[in-house]
Amino acid sequence: MRVLLVDDEEQLVSTLAERLAFRGIHANWVTSSTAALELIETESFDLAILDVKMPKISGLELKKRLQVLRPAMKFIFLTGHGSEDDFNIGTAEAGKDFYLVKPVKIESLLEKMNEVMQQQGDGK
Amino acid sequence: MSDYQESIGACGLHCFGSISASVSHELKNALAIINENAGLLEDLSFMAGKGLPLDPAKLKSLAANIGKQIQRADDIIRNMNRFAHSTDEIVKCIDLGETMALIVALSSRLAAMKCVTLIFKPPPQTICVTTHMFYLENLIWLYIKEILERAGTEKEITLTLRPQQEGTAVIFSPVDVPVTDGRAIDLLSYLKATQSANSQHRELLIILPVDMTAC
């Protein structure tokens with residue numbers, strides 16, 4: 001599985017990528033939506049793990065753009081919202097995406113990654 | 001309570017809520033980084049148990065990352081605590097430089113989301129005003145918010161304080177036009193402050209009288 005990590009907190013994505021590598025998962029990381037859109041032009045990923053709130057282009061907007069370029073790609077959101085309820089209220093229009101509230105336990109993330117990769121359909 | 005007072009009260013709640021939400025997001029990020037670095041330490045110690053040698057430089061770097069994020073979280077909480085206590089006394093004599101620095105720090109995430117850096121240049125000497133501290137913070141925050149919304153390609157907004165005959169000017173630069181948010185205008189009036197734009201120098205000024213309490 002090839003994973004793309006996008007979060008404007010560099011230490012978060014770089015460390016998470018190292019931890020995933022220990023578990024045999026190759027992850028590329030970038031710290032902006034713009035960098036993610038550039039990377040996707042030359043690289044393929046099965047799954048993108050996106051921060052919700054990022055400068056310029058939010059995670060939700062990035063997902064829409066990535067889906068156009070890579071329709072088969074799956075998504076997980078990481079949110080700094082206080083609770084899952086907060087996130088649902090703020091992103092009701094975004095559909096039933098998979099998301100986790102920061103800070104995330106690696107076991108929960110791996111479980112969610114497996115869940116989303118087994119999901120059928122168009123990645124929504 | 002008049003509509004005017006109700007409007008100012010609601011505006012204050014909105015400001016308090018927005019800043020609290022921003023602070024909680026930032027704390028979550030600091031905690032998430034601590035969590036990943038602690039997790040990586042755990043992974044490394046697990047791998048060491050399997051025979052992979054530990055790299056002391058790596059351990060030192062992870063510990064430093066954790067320490068840095070703890071400091072970041074502590075700074076955020078200290079600022080939030082000071083902000084929360086600004087409602088303790090309704091009217092008091094405040095150090096304007098300290099108050100401005102606090103609001104700029106609390107607005108830094110809002111600015112970062114717009115890809116703008118806020119720079120506050122403290123005055124060489126202490127400038128005091130007697131005011132409703134929370135309402136003044138609310139006013140400055142509303143100005144920052146509107147200025148950020150229309151910042152466009154301006155990547156830095158500088159805030160300075162300049163003593164003037166009629167009080168003190170809070171100066172936002174480069175900014176060409178006055179703020180139009182009705183809540184900010186209500187607060188200006190409530191605090192007996194005025195605003196003016198100097199398009200030649202690209203400065204927007206809020207003029208604060210020395211005593212802002214004679215409302």
Side-chain angles (χ1 to χ4, degrees), chain A residues 3 5-25 27 29 31-35 49-62 76-87 89-91 99-110, chain B residues 17-18 20-50 52 54-55 58-59 61-73 76 107-118 148-149 151-153 155:
Chain A
V3 177
L5 297 173
V6 191
D7 194 308
D8 57 324
E9 295 281 355
E10 183 175 335
Q11 268 192 30
L12 178 62
V13 272
S14 61
T15 314
L16 186 54
E18 276 190 74
R19 299 193 71 199
L20 289 173
F22 270 129
R23 289 155 179 85
I25 298 167
W29 58 268
T31 56
S32 71
S33 295
T34 312
I49 300 175
L50 312 177
D51 183 23
V52 175
K53 282 210 167 185
M54 289 187 284
K56 277 189 183 173
I57 303 167
S58 73
L60 295 171
E61 177 59 29
L62 177 61
I76 292 174
F77 286 111
L78 298 183
T79 171
H81 286 72
S83 68
E84 292 180 2
D85 283 346
D86 286 351
F87 182 76
I89 291 163
T91 60
Y99 60 88
L100 291 162
V101 178
K102 294 176 185 176
V104 178
K105 283 187 185 302
I106 193 83
E107 296 79 14
S108 307
L109 178 62
L110 293 169
Chain B
S18 296
S20 303
S22 170
V23 162
S24 70
H25 272 88
E26 235 187 309
L27 279 175
K28 281 271 192 184
N29 277 333
L31 287 172
I33 294 170
I34 292 170
N35 180 60
E36 292 311 327
N37 279 279
L40 187 51
L41 280 172
E42 214 176 300
D43 291 348
L44 290 170
S45 62
F46 176 79
M47 298 303 281
K50 301 265 180 192
L52 189 81
L54 280 173
D55 174 5
K58 180 73 182 172
L59 298 181
S61 152
L62 292 175
N65 289 345
I66 290 172
K68 198 173 153 190
Q69 293 304 318
I70 288 170
Q71 185 60 57
R72 174 188 176 187
I76 295 166
S107 306
S108 59
R109 187 171 185 278
L110 183 67
M113 286 294 124
K114 304 284 179 193
C115 302
V116 175
T117 304
L118 290 175
L148 288 174
E149 284 298 331
T153 56
K155 293 297 172 200

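Letters go in sequence order (proteins before strands), and every chain restarts at 1. Below, all heavy atoms of this structure are taken into account, side chains as well, without hydrogens, waters or symmetry copies. A quick note: this is a predicted structure, and the numbers were derived from the prediction, not measured.
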Enquirer: Over all heavy atoms of both residues, which pair between B:C115 and A:K56 is shortest? Give the atoms and the distance, please.
Expert: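 Looking at all heavy atoms of both residues, the closest pair is SG-CG, 3.4 Å.
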Enquirer: So how far is it from A:L16 CG to B:L40 CG, rounded to the nearest 0.5 Å?
Expert: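 The distance works out to 10.0 Å.
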Enquirer: Pick one of side chain, backbone, both or neither for A:D8, based on which atoms fall under 4.5 Å of a heavy atom in chain B.
Expert: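 Only the side chain of A:D8 comes within 4.5 Å of chain B.
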Enquirer: Is B:D43 close to A:R23 at the side-chain level, that is, under 4.5 Å between some pair of heavy atoms?
Expert: yes
Enquirer: Hey, is B:E36 close enough to A:K102 for a salt bridge, meaning N to O under 4.0 Å?
Expert: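 No salt bridge links B:E36 with A:K102.
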Enquirer: If you look at every heavy atom in B:N35 and A:V104, which pair is closest and at what distance?
Expert: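 Scanning both residues, the minimum pair turns out to be ND2-O, 2.7 Å.
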Enquirer: In Å and rounded to the nearest 0.5 Å, what is the NZ to OG1 distance from B:K28 to A:T79?
Expert: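 Result: 8.0 Å between the selected atoms.
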Enquirer: Could you walk me through whether B:L44 and A:E18 pass the side chain to side chain contact (heavy atoms under 4.5 Å, CB included) check?
Expert: CA-CA 10 Å; B:L44 290 170; A:E18 276 190 74; over 6 Å; no
Enquirer: Could you tell me the separation between the CD atom of A:Q11 and the CZ atom of B:R72, rounded to the nearest 0.5 Å?
Expert: 8.5 Å
Enquirer: Mind checking the CD1-OG spacing from B:I33 to A:S14? Nearest 0.5 Å is all I need.
Expert: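 If we round to the nearest 0.5 Å, B:I33:CD1 and A:S14:OG are 8.5 Å apart.
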Enquirer: Pick one of side chain, backbone, both or neither for B:E42, based on which atoms fall under 4.5 Å of a heavy atom in chain A.
Expert: neither
Enquirer: Could you measure the distance from the CG atom of B:N37 to the CG atom of A:L12? Nearest 0.5 Å is fine.
Expert: 9.0 Å
Enquirer: Less than 4.5 Å apart, side chain to side chain, heavy atoms only: is that true for B:E26 and A:E9?
Expert: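 Answer no - side chains too far apart.
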